Amino acid sequence: MSVKDNSNTLITLVFVVLLIPFLGIAGIKNNMDTMIYQAWQVAAVVFLFVLVYLLSSEIKINWAVVLFSVYQTVILLSC
């Protein structure tokens, strides 16, 4: 494995750990204290924003990304 492969694997692992609290997995949610679970969600959002900011130069913008962003914005605003 090259250094680039290790970096991609690490970033993928970080994304998985940051997305787990939003999947609603009952086994994880029920075995954790509510405050800890909510703190994990808040920390995940902050770290995801930081990762997007730091890796923004590598994000490729095309029509699918724009449409998905609009879709997510509509969902966020309607909630």
Side-chain angles (χ1 to χ4, degrees):
M1 284 185 114
S2 68
V3 174
K4 182 73 171 168
D5 290 339
N6 287 338
S7 174
N8 287 340
T9 304
L10 181 65
I11 290 172
T12 303
L13 206 60
V14 168
F15 271 117
V16 168
V17 169
L18 293 177
L19 290 176
I20 285 175
F22 302 106
L23 296 177
I25 301 172
I28 296 172
K29 193 172 186 177
N30 293 338
N31 289 326
M32 294 181 77
D33 185 38
T34 306
M35 284 292 281
I36 295 172
Y37 192 76
Q38 289 177 347
W40 186 14
Q41 287 179 324
V42 170
V45 169
V46 170
F47 283 122
L48 284 170
F49 277 124
V50 169
L51 277 174
V52 168
Y53 177 74
L54 292 175
L55 299 175
S56 62
S57 63
E58 296 180 27
I59 297 174
K60 309 260 188 293
I61 304 293
N62 58 21
W63 64 271
V65 173
V66 172
L67 288 178
F68 184 73
S69 299
V70 170
Y71 172 71
Q72 291 299 321
T73 303
V74 168
I75 290 173
L76 181 66
L77 294 176
S78 67
C79 292

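Since the structure is predicted, the reported quantities are computational estimates derived from the model, not experimental observations. For the numbers below, each heavy atom of this structure counts, side chains included, while hydrogens, waters and symmetry mates do not.
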Indicate the atoms forming the closest heavy-atom contact of T12 with N8, along with that distance. OG1-O, 2.8 Å
Closest heavy-atom pair and its distance - F22, V45: CZ-CG2, 3.6 Å
Answer with yes or no whether the hydrophobic clustering places [X] together with [Y]; edges join I, L, V, M, F, W, Y residues whose side-chain heavy atoms lie under 4.5 Å apart.
X: V14; Y: L55; value: yes
X: V52; Y: I61; value: yes
X: I11; Y: F49; value: no
X: L51; Y: V17; value: no

Under 4.5 Å side-chain heavy-atom separation, chaining through any Ile, Leu, Val, Met, Phe, Trp or Tyr, what else clusters with Y71? Say none if it is isolated. F68, I75
Please write out which residues are connected to L13 in a hydrophobic cluster, directly or through intermediates, given that two of Ile, Leu, Val, Met, Phe, Trp, Tyr count as joined at side-chain heavy-atom separations below 4.5 angstrom. none
Above 12 or not: heavy atoms from other molecules or residues under 6.0 Å from CZ of F47? no
Could you list the donor-acceptor pairs under 3.5 angstrom formed between side-chain atoms of residues 25-37 and any protein atom two or more places apart in sequence or on another chain?
from : atom 1 : to  : atom 2 : distance (Å)
N30  : ND2    : A26 : O      : 3.2
N31  : ND2    : G27 : O      : 2.8
Y37  : OH     : P21 : O      : 2.7

Calculate, to the nearest 0.5 Å, the distance between atoms CG and OG belonging to L76 and S69 respectively. 12.0 Å
